[in-house]
There are 2 protein chains.
Amino acid sequence: MQTERQQEIISTALDLINEKGIQGLTIKNLSKKLGITEPAIYRHFENKIQILLALLDLLKKNTSQIFETELNSDETAIRKIERLFEKHFYSFAQMPSLASVVFSEEIFRNEEKLIGKISELIEHNNQTLLSILKEGQQRNEIRTDIDGNHLVIFIMGALRLFVKKWQFSGFSFNLEKEGAGLIQSVKLIISTHKN
Amino acid sequence: MQTERQQEIISTALDLINEKGIQGLTIKNLSKKLGITEPAIYRHFENKIQILLALLDLLKKNTSQIFETELNSDETAIRKIERLFEKHFYSFAQMPSLASVVFSEEIFRNEEKLIGKISELIEHNNQTLLSILKEGQQRNEIRTDIDGNHLVIFIMGALRLFVKKWQFSGFSFNLEKEGAGLIQSVKLIISTHKN
DNA sequence: TGCAGGTTAGTAATCATTAACTAAATTTGT
DNA sequence: ACAAATTTAGTTAATGATTACTAACCTGCA
């Protein structure tokens, strides 16, 4: 469980990374933004790594959950993928800072624990997506001429790059609206060809 | 033009980022790896930003050139895309450190000049790829039911994610060999459906 | 009254960078 | 051809900023 202050710290850390990148996330900047002094941070987190680990938990909560929920829903595979995109876009639109962190693994490369945790998260989400796709292929909803692992790369690659473009543009376009078009293209690409 | 020592410094900087991420690229680490003292670095580069700018030039040389060459070749669009992947894979296989940097824009987020330069590079390469795709669509080699800009996202997204997976695995699989399979899937996905 | 959550004032370590000096190589003037 | 002048590429020693973090103290509140 997290206290309100801890959540506030994590959310502010997220904003800082969004604004200035990982090199902008310092205890000084963090405390300044929170309106408290540096040592006060240490009343809530043991050290900086714990803050980043908590931040990774937030990422996990905001992405893993999406994958898991869809895996266990009753929809068609195509509809699951569609909702996967929609939910991601919704989540990022609600909290744009998230988009600046979630697909930027470079941020977590300076500590063994962090590397392990983000790798795990990515791998787990990929496996969940692969399950959805394989099920869709068995049901003949999703094309079988392309290996499931490759489909994962196309889907996640597109999602990642599209969100990164949005971030790079300074969140200047409507992610959910523009994203709807991309979702249609994804469906065209992965569906079994019917004619 | 660059001196031999400057190239050595850039190449070593690349290796450092590959090993420890951008936070591992310090003048101290750099000089230690080169076997010289820290101030000696400043005989070859004005400051650290100039080193990163020179590193971006290396990235540009290794990616822009690939795109440009293919744009102006006489091959079919499909063959151009195929060679685009092959050349990227070859380039990264020759110099794996490159793969750790080229799709990690986060590295260059702490200085206005760096952000500008990497954004320019990405945008330029995307535009070149878009030209290739649109020409292919006009010639009816590439499917027209999906917008060119979306095809760019699928192609670049897949290339980026695939290379990133290779990096994440510690370059543990054969990029060119495994990549050949992905290229076949890319061709299946972007080609006009013929039957 | 005890403690959660702040403060002030510091720590050692590390950061990029500079000043001043030097040995060796190279260029220049005669 | 050769000594003098200059340049190149390194050194040691130090700079002020900044890093994450700590010790000791304070204060309002349950």
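First the proteins, then the strands, lettered A, B, ... as listed; each starts at 1.
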- Message: Tell me which pairs pass side-chain hydrogen bond (donor to acceptor under 3.5 Å, both in side chains) where either residue lies in residues 153-167 of chain A, with sequence neighbours left out.
- Response: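 Output for this query lists Ser104(A)-Lys164(A), Glu105(A)-Arg160(A).
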- Query: For residues 30-49 of chain B, which residue pairs qualify under salt bridge (charged side-chain N to carboxylate O under 4.0 Å, His left out), counting only residues two or more places apart or in two chains?
  - Reply: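 Salt bridge (charged side-chain N to carboxylate O under 4.0 Å, His left out) check on residues 30-49 of chain B returns Glu19(B)-Lys33(B).
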[X]: partners by salt bridge (charged side-chain N to carboxylate O under 4.0 Å, His left out), with sequence neighbours left out:
| X | result |
| --- | --- |
| Lys28(A) | none |
| Glu106(A) | Arg109(A) |
| Lys117(B) | Asp57(B) |

- Atom CD1 of Ile36(B) and atom C1' of dT12(D): how far apart are they, to the nearest Å?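 My rounded result for the distance is 15 Å.
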- Query: Just how far, in rounded Å, is P of dT8(D) from CD of Gln6(B)?
  - Reply: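 Spelled out: CD on Gln6(B) to P on dT8(D) is 12 Å.
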- chain A footprint on DNA chain C, 5' to 3' - any atom under 4.0 Å from a heavy atom: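 In short, chain A contacts DNA chain C from dG5(C) to dA9(C).
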- Pairs in or reaching into residues 101-125 of chain A: which pass ring pair (Phe, Tyr, Trp, His ring centres under 6.0 Å), with residues at least two apart or in two chains?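 For residues 101-125 of chain A, and leaving out neighbouring residues, there are no ring pair (Phe, Tyr, Trp, His ring centres under 6.0 Å) pairs at all.
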Residues 176-189 of chain B side chain polar contacts: donor-acceptor under 3.5 Å, at least two apart:
| unit_1 | atom_1 | unit_2 | atom_2 | d |
| --- | --- | --- | --- | --- |
| Ser185(B) | OG | His150(A) | ND1 | 2.6 |
| Lys187(B) | NZ | Glu82(B) | OE1 | 3.4 |
| Lys187(B) | NZ | Glu82(B) | OE2 | 3.2 |

- Below 6.0 angstrom between ring centroids: does that apply to His88(A) and Phe67(A)?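 Yes, the ring centres sit under 6.0 Å apart.
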- How does protein reach along nucleotides 15-25 of chain D, written 5' to 3' as B (base within reach of a heavy atom under 4.0 Å), S (only sugar-phosphate), or - (no contact)? ----SSBBBBB
